[in-house]
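Before any comments, here is the structure.
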Amino acid sequence: MPEGDSGAIQGGLLMQQGTSTKQMLGYQNQINVALRNNPYVEKILTVTGISSGADQSTGVLFAILKDGKRPTIQQITQELTGQLMMIPTGFAFIQPMPALKLSTGGESTATGSRYSYVIKGQESEDVYDAASKLQDAMRSLPGFTSIQNNVKLNMPKLSIKIFRDRASTFGVTAADIETTLLLAYAGGRTTTYKTDVDQYSVILELTKEYQYHPEDLAQLYVRSSMTGELVPLGAVAEWTESVGPQNVPHSDQINSVTISFNLKDSMPVGNATAALQNVAIEILPEGVTGTFQGE
């Protein structure tokens with residue numbers, strides 16, 4: 001089905017996992033400037049900071065092109081892609097919105113991608129390793145663009161290990177430590193203050209300047225249920241910074257990775273699928289399979 005010329009472009013914004021909303025806003029503003037400076041773009045809409053969970057490193061964009069004499073939507077998209085790629089802060093991918101979109105039984109996992117290849121297997125490490133190798137190999141295949149996957153393994157995380165024997169000698173339980181962290185960072189309501197004419201929620205938390213750095217955990221104290229004394233959190237626990245997966249996607253109830261991509265206009269779909277299948281045969285180990293989805 002030809003894309004036609006709907007006069008509208010859609011896409012997505014992507015930065016490194018763990019990016020703050022403030023950093024994402026800076027990249028979004030750079031994208032806005034690039035889109036507004038294009039002589040064929042009439043209206044734009046970019047949205048960030050709406051992802052669920054801690055990771056806010058993604059966003060979406062839409063652009064409406066001007067009517068009248070202008071290059072084709074494919075030419076404008078190609079031109080804009082080159083301009084957006086010049087912004088080193090993050091990664092932007094766009095595509096024309098088709099004049100007529102038909103459901104084809106599979107949906108790509110990333111905004112701006114038309115095609116998908118799903119890798120499945122029982123062992124997550126085998127699946128992730130095969131997906132990484134296949135994605136690298138796809139970048140060397142002619143005609144493939146905007147290659148990405150739905151597994152994000154670089155989400156910053158903080159792991160806290162409780163020394164249970166030591167904590168027990170101080171009269172501190174795991175629940176005590178959890179409650180301390182909850183009150184310090186969750187910003188939950190602890191009680192209600194009432195007057196004759198109104199009532200106010202009492203919310204307890206650390207001031208913002210102490211909520212951003214892991215080393216500030218050393219300033220937290222846990223009250224011992226045995227002695228009533230305050231015990232430094234660092235005396236009963238340790239914490240380490242690392243990275244890990246944001247989510248663990250599944251397909252048919254087994255571990256999976258979906259690689260999404262686009263094709264250049266000069267690349268026939270049949271040639272692309274054949275090339276990808278040949279590469280997958282060489283890379284995918286025993287117990288890991290791959291199938292096409294999307295268009």
Side-chain angles (χ1 to χ4, degrees), residues 1-3 6 9-14 17 51-52 55 57-62 74 77-78 81 90-155 245-285 287-295:
M1 179 74 67
E3 289 178 333
S6 64
I9 293 174
Q10 65 181 358
L13 310 178
L14 182 65
Q17 278 198 292
S51 302
S52 59
D55 184 31
S57 61
T58 59
V60 296
L61 68 86
F62 300 93
Q74 289 77 14
T77 302
Q78 186 174 3
T81 298
F91 173 66
F93 42 90
I94 58 175
Q95 71 171 15
M97 295 182 67
L100 177 62
K101 183 175 179 61
L102 301 178
S103 175
T104 52
E107 296 295 333
S108 58
T109 60
T111 303
S113 295
R114 297 177 59 185
Y115 310 104
S116 298
Y117 190 74
V118 180
I119 301 172
K120 297 182 290 185
Q122 293 290 348
E123 300 295 332
S124 59
E125 292 185 2
D126 293 340
V127 174
Y128 296 160
D129 182 64
S132 178
K133 292 179 180 178
L134 183 59
Q135 188 170 344
D136 291 339
M138 290 173 63
R139 292 193 174 99
S140 63
L141 294 177
F144 285 75
T145 63
S146 303
I147 302 168
Q148 54 192 304
N149 68 69
N150 68 330
V151 175
K152 312 300 182 183
L153 302 176
N154 297 316
M155 183 67 181
Q246 177 193 357
N247 57 357
V248 183
H250 289 75
S251 178
D252 298 331
Q253 299 184 356
I254 60 177
N255 293 293
S256 69
V257 175
T258 302
I259 300 177
S260 301
F261 58 96
N262 287 326
L263 297 176
K264 294 181 179 179
D265 294 338
S266 58
M267 170 60 72
V269 175
N271 293 5
T273 55
L276 182 53
Q277 285 175 326
N278 291 335
V279 173
I281 291 174
E282 298 178 0
I283 292 178
L284 299 186
V288 178
T289 60
T291 55
F292 285 99
Q293 285 188 355
E295 294 187 25

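Predicted, not measured: the structure shown is a model, and the values here were computed from it.
Classification of the F292-Y117 ring pair by plane angle, with boundaries at 30° and 60°, yields perpendicular.
The shortest heavy-atom contact between I94 and I9 is CB-CG2, 3.9 Å. Listed here is the closest heavy atom pair of L13 and A92: CD2-CB, 4.0 Å. Across all non-hydrogen atoms, the minimal contact from M267 to L263 is CG-CD2, 4.1 Å. Taking both residues in full, the closest heavy atoms of S116 and T258 are given as CB-CG2, 3.8 Å, listed atom of the first, atom of the second, then distance.
Under the rule for a side-chain hydrogen bond (donor to acceptor under 3.5 Å, both in side chains), T81 has no partner lying at least two apart in sequence or in another chain. In terms of the side-chain contact (heavy atoms from CB on, under 4.5 Å) criterion, residue partners of Q74 (sequence neighbours excluded) are, by chain and number, E3, T72, D265. Take S57 and apply the side-chain hydrogen bond (donor to acceptor under 3.5 Å, both in side chains) test, not counting sequence neighbours, and it matches D55. A search for side-chain contact (heavy atoms from CB on, under 4.5 Å) contacts involving S251 returns V118, K120, S256, not counting sequence neighbours.
Results of the side-chain contact (heavy atoms from CB on, under 4.5 Å) test with I259 over N150, L276, I119, V151 single out I119 as the only residue that passes.
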Open item on the list: Go through it in stages, so that I can follow the logic: the residues are F93 and Q148, the test is side chain to side chain contact (heavy atoms under 4.5 Å, CB included), and I'd like the CA-CA distance, side-chain angles, deciding distance and then a yes or no.
Closed with: CA-CA 10 Å; F93 42 90; Q148 54 192 304; 3.5 Å; yes
For a side chain to side chain contact (heavy atoms under 4.5 Å, CB included) check, start with the C-alpha distance between V60 and Q10, then their side-chain angles and the critical distance, and finish with the verdict. CA-CA 8 Å; V60 296; Q10 65 181 358; over 6 Å; no
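At least one side-chain heavy atom of N255 sits under 4.5 Å from a side-chain heavy atom of H250.
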Validation: residues 127-137 side-chain donor-acceptor distances under 3.5 Å, sequence neighbours left out:
unit_1	atom_1	unit_2	atom_2	d
D129	OD2	K133	NZ	3.3
Q135	OE1	N149	ND2	2.5
D136	OD1	R139	NH1	3.1

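Interatomic distance, I147 CD1 to F261 CZ, rounded to the nearest 0.5 Å: 8.0 Å. The CD atom of Q293 sits 15.0 Å away from the OH atom of Y115 when rounded to the nearest 0.5 Å.
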